[in-house]
Every structure is written in C-alpha cells, then in structure tokens.
Amino acid sequence: MTTPLADTVSIADLISLRGRTAVIVGSAQGIGAATARRYAEAGANLILADLNLEAAEALASELAAKFDTDITAHWVDVSDEEAVGKLAEAAVERTGRLDVWVNFTHYSPMGREEIVESEEFPMLTWKRSLDVNLTGCYLGARAAARAMIAAGNGGVIINTTSTVTDRYPGHAGMLGYASSKGGIEQLTMILAAELGKRGIRALALKPTVIDTPGVNEHLEAVEEASGRKLGTFEDSMPMRRYGKPDEVARVALFAASDMSAFMTGSILTVDGGELTI
Ligand SMILES: NC(=O)c1ccc[n+]([C@@H]2O[C@H](COP(=O)([O-])OP(=O)(O)OC[C@H]3O[C@@H](n4cnc5c(N)ncnc54)[C@H](O)[C@@H]3O)[C@@H](O)[C@H]2O)c1
C-alpha cells in the first residue's frame with residue numbers, strides 16, 4: 001500500500017476512495033446507509049450487505065444512478081461464518097480488490113422479557129448479542145483481512161462500538177449489548193496490533209445516541225417494557241441533541257480514507273461531548 005506524503009497529495013485526493021472497494025455490512029438503513037452515501041460520493045465501489053436485501057438493493061440502485069461507481073447489494077447474516085466468507089469473496093470477484101470493510105450491524109434487546117436487569121438477563125439475548133455484535137465483527141474482520149492480504153493493497157477494517165461501554169445508559173437490558181461492544185473494542189486493538197505490518201489498519205467508531213430507525217425502535221421498546229418515558233437524556237448532552245447518521249458517516253469516511261493513514265487501533269468517539277460529563 002502506498003502511503004501518500006501529506007505535502008504532495010491534495011486534500012481532495014486524501015479523502016477520495018476512487019478505485020477502492022468497500023464492503024459496508026448493515027447498510028440498508030441508519031448509519032450504514034448514510035455511510036454508503038458518503039463512500040459513493042467519495043468514489044468507492046460498494047457492496048452493500050445486509051439481512052434486509054430488499055432495502056439494500058433499493059439503496060444500491062439509488063446510489064448507482066447518482067454516482068459513477070460500481071454499487072451492488074448482497075445478502076448476509078453477519079453471524080454466519082459461511083455467508084461472511086462468501087461476501088468477502090463476492091467483493092473481490094466483482095472488483096478484483098477489497099480495501100475497506102465496515103460493520104454497522106447490531107442486535108439490541110427489543111422484547112419485554114429482554115429489557116431486564118442482570119440477574120434476570122436471558123441466555124438467548126446474551127447469545128444473540130454476542131453472535132451478531134462481537135462474532136459478526138470477528139468473522140468480518142477475519143474474512144476481510146484474508147482477502148486484503150491476498151490482494152496486497154493493504155486496507156482498513158472499521159468496527160462500531162458505542163458509548164455504552166463507558167457509561168450505563170440509565171435503563172435495563174444492556175448487559176449483552178454493552179458486553180459485546182466492549183469486546184469489539186478489544187478485538188479492534190488486537191486487529192491493529194497484528195495486521196499493521198500487512199498495511200491493514202483497524203479502527204472503531206464509538207457513537208452516542210444517533211437518530212436511526214434501529215435506536216428509535218429500541219428506545220420505544222424500552223419505554224413500553226419499563227412503562228416509563230425516557231427523553232431527558234438529550235437535554236443532558238453538552239450539545240443538547242442526539243447525533244445524525246451523517247455525522248457518524250463523515251467520521252467513517254475519514255477512517256476509511258488516507259486522511260487517517262497513520263491511525264490504527266483507535267476508538268473514534270462521536271458523542272457530542274457525552275463522555276466529557
Ligand atoms: N444509533 C445509535 O444510537 C447507536 C449508538 C451507538 C452505537 N451504535 C451502533 O452503530 C451501528 C449502526 O446502528 P444503527 O442505529 O444505524 O442501526 P440500525 O438498526 O438502524 O441498522 C442496522 C442494520 O444492520 C442490519 N443487520 C442487523 N443484524 C444483521 C445481521 N445479523 N446481518 C446483517 N445485517 C444485519 C439491519 O437489517 C439494519 O439494516 C450499530 O453497530 C450500533 O450498535 C448505534
């Protein structure tokens with residue numbers, strides 16, 4: 001992988017993903033979809049992977065009509081080893097390379113039986129949280145690293161954690177989710193330590209509450225299960241609001257591009273100041 005010298009490369013070229021291939025897992029909606037828009041604008045060839053193939057296909061068609069890059073959709077269950085392996089292969093088959101692998105999937109508790117404190121926490125929810133959130137990142141990183149090493153261009157693996165690893169969110173049900181996100185931070189650091197010599201960087205995005213379909217569904221489920229209204233949290237944030245998907249997508253673009261060429265193993269907090277208070 002060539003490392004551009006800061007004083008010889010324009011800012012436009014540093015932020016560009018032109019000619020690179022990115023797999024975005026969990027891209028049918030929310031932060032993943034916003035990131036797909038920014039990566040397409042930056043010129044990347046994209047594989048939009050999701051459980052919800054119909055929505056991923058709709059986004060792929062919309063972006064392919066707007067940007068001059070190769071954009072396709074691909075079904076994946078990120079906790080399925082075989083399916084994740086096939087996704088990495090499909091990216092390389094389609095474009096001959098794999099430069100960026102980003103994972104935005106998650107399992108968050110939704111049912112009344114899941115919005116409970118630690119002593120009641122169900123085994124099934126624990127397992128699902130680890131399978132989708134942590135094992136999904138491990139399987140994706142492993143498949144991506146193998147494909148990147150074979151292609152010989154280096155690359156970037158980006159995982160998504162959450163500010164919940166630093167701060168109890170104030171409601172029950174988070175044992176599995178928060179534990180899996182803590183694991184993702186450790187995973188990212190080991191990936192960085194071991195893959196750096198191959199020219200592969202590993203970073204993690206760490207958002208606070210971002211206004212997405214996924215988080216809204218989860219917060220509604222918490223309110224229903226607990227019988228109490230949430231909603232004071234926004235007022236206690238330094239910036240007095242939650243984030244927007246594109247505000248995380250911009251950091252995801254920074255992470256994928258040569259703007260962050262000398263960063264690996266870092267956790268990029270996008271929290272409107274939440275963790276400062
Ligand atoms: N939105 C927030 O407030 C917030 C806060 C902190 C961290 N995060 C993290 O950011 C990431 C994106 O969050 P979001 O709110 O945009 O999510 P979202 O729920 O809106 O979208 C997630 C996408 O992942 C897909 N998906 C879920 N399980 C999958 C699986 N097993 N295989 C393949 N695809 C699957 C869904 O179909 C969906 O398209 C997640 O990792 C989440 O934990 C979000």
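In each ligand, atom 1 is the first atom listed, and ligand 1 is the first ligand listed. Along the sequence shown, residues carry numbers from 1. Because the structure is a prediction, the values reported are computed rather than measured.
- Every pair passing side chain to side chain donor-acceptor pair (under 3.5 Å) that includes a residue from residues 167-184 is listed here, sequence neighbours excluded: N133-S180.
- Of all the heavy atoms of T208, the ones lying under 4.0 Å from any atom of ligand 1 belong exclusively to the backbone.
- The side chain to side chain contact (heavy atoms under 4.5 Å, CB included) test with T105 singles out one residue from V76, T160, V132, D50, and that residue is V132.
- Between the side chains of T165 and K206, at least one donor N or O sits under 3.5 Å from an acceptor N or O.
- Under 4.0 angstrom from ligand 1, the non-hydrogen atoms of K181 all belong to its side chain.
- Between N103 and ligand 1, a contact under 3.5 Å exists for no N or O pair.
- In the model, E114 has a side-chain atom that pairs as donor or acceptor with a side-chain atom of Y107 under 3.5 Å.
- Note: no N/O pair closer than 3.5 Å links G26 and ligand 1 by distance alone.
- With salt bridges taken as basic N to acidic carboxylate O contacts below 4.0 Å, one links R20 and D258.
- Residue T212 has at least one N or O atom closer than 3.5 Å to an N or O atom of ligand 1.
- Around atom 36 (C) of ligand 1, the closest heavy atom drawn from N52, D50, I210, L51 belongs to D50.
- By the 4.0 Å heavy-atom criterion, V25 is excluded from the residues contacting ligand 1.
- In terms of polar-atom proximity, G32 is not counted as a contact of ligand 1, lacking any N or O under 3.5 Å from an N or O of the ligand.
- Exactly one of L17, V100, V156 qualifies for a side chain to side chain contact (heavy atoms under 4.5 Å, CB included) with S257. That residue is L17.
- Between the side chains of D99 and N153, no donor-acceptor pair is found at a separation under 3.5 Å.
- Contact annotation: Y177 has at least one heavy atom less than 4.0 Å from an atom of ligand 1.
- For the residues T105, D131, V209, the heavy atom positioned nearest atom 35 (C) of ligand 1 is part of T105.
- At under 3.5 Å, a nitrogen or oxygen of Q29, whether backbone or side chain, sits near a nitrogen or oxygen of ligand 1.
- The N/O atoms of G214, backbone and side chain alike, include one that comes under 3.5 Å of an N/O atom in ligand 1.
- Using a 4.0 Å cut-off between heavy atoms, T161 contacts ligand 1 through its backbone alone, with no side-chain atom that close.
- Within a 6.0 Å sphere centred on CD1 of I277, heavy atoms belonging to other residues, nucleotides or ligands number more than 12.
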